[in-house]
Amino acid sequence: MHFLEAKAQPDKFGTIPDSMWWAIVTLTTVGYGDVVPVTVWGRLVASLTMISGLIMLALPVGIIATAFAEDIHRREFVVTWGMLARVPILSSLSASEIADLMRYLRSQTVQQDALIMRRGEEGDCIYLIASGEVMVETADGEVALGPGDFFGEIAVLHNTRRVATVRALRQTKLLILDAADLNALMERNPEVRERIESIARERTEAHWGQIGD
Ligand code: CMP
């Protein structure tokens, strides 16, 4: 710009530092307008400088914002992944199967003492405990379940009513899987079916008389 404009405006572009002042004002998109090129070539260079200034600012902002968004997203993902990774019945699932399952799970936070299900009511979903603790109140006694455990499978597998009342012992985060999605999951993964069925078998032995075979 010094070479292009020095002759036309010696007071503004007469020295390289003067021209640098114009460049900084233009590149940062501040554009005070105190120094303006007047020659055709000067204006051409100024146009390119202005566009470069925009790119210089827009590019890092875009990169930083994208990285930020990705990081936030990844953290959410890790939380969900961590929740599922802690559920032993799902340990035979591959990464893509867990990712697939994540889409079908609903999450629900229940407060301390909240009633999650009542004995005798109909049930069409199972619950996985992500965090917290619940108390299963069966006809024979009480059993506490914690992170990684699941409940509500008996009604879904046997097509019966709930055999126990379940209450939250403290604030509990639950992942809910509907019966249809659970059946699809078990169909795709015999290992998951086997694990759920064997735990359900152990539990139903205690209530055999109540739910029949
Ligand atoms: P479901 O009958 O659908 O609803 C109540 C749930 O309590 C039941 O499924 C089981 O998941 C759970 N449950 C019943 N009995 C026991 C037990 N003895 N130990 C742990 N959990 C149980």
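Atoms within each ligand, like the ligands themselves, are counted from 1 in listed order. Throughout, numbering of the chain's residues begins at 1 and tracks the sequence. Side chains are part of it too, since the values below use all heavy atoms of this structure and drop only hydrogens, waters and symmetry mates.
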Linking I/L/V/M/F/W/Y whenever any side-chain heavy atoms sit under 4.5 Å apart, do Ile176 and Leu145 land together?
->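 Shared cluster, yes.
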For ligand 1, which atoms sit closer than 4.0 Å to a heavy atom of [X]?
| X | value |
| --- | --- |
| Met117 | 4 (O), 5 (C) |
| Phe151 | 11 (O) |
| Gly152 | 1 (P), 3 (O), 4 (O), 6 (C), 8 (C), 9 (O), 10 (C), 11 (O) |
| Ala164 | 5 (C), 7 (O) |
| Ala155 | 1 (P), 2 (O), 3 (O) |

Residues [X], [Y]: salt bridge by 4.0 Å N-O rule:
| X | Y | result |
| --- | --- | --- |
| Arg167 | Glu137 | yes |
| Lys12 | Asp34 | no |
| Arg170 | Glu133 | yes |

Under 3.5 Å, N or O to N or O, is Thr138 touching ligand 1 that way?
->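 No; the residue has no nitrogen or oxygen that sits under 3.5 Å from a nitrogen or oxygen of the ligand.
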Judging by distance only, is a nitrogen or oxygen of Val163 under 3.5 angstrom from one on ligand 1?
->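 Yes, Val163 has an N/O under 3.5 Å of an N/O on ligand 1.
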Per-residue contact class, Val136 against ligand 1 - non-hydrogen pairs under 4.0 Å =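 The answer is the side chain of Val136.
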Kindly compute the distance separating CD1 (Ile51) from OG1 (Thr29), expressed to the nearest 0.5 Å.
->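 Spacing of CD1 (Ile51) from OG1 (Thr29) equals 13.0 Å.
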Test item: Asp100 side-chain N/O and Ser96 main-chain N/O as donor-acceptor pair under 3.5 Å |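 Looks like no, no N/O pair under 3.5 Å.
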Do the side-chain N and O atoms of Ser91 and Arg195 include a donor-acceptor pair separated by under 3.5 angstrom?
->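 A donor-acceptor contact under 3.5 Å links the two side chains.
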Counting heavy atoms only, name the option from Glu202, Arg203, Met135, Arg119 that's nearest to atom 20 (C) of ligand 1.
->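 The option holding the nearest heavy atom is Arg203.
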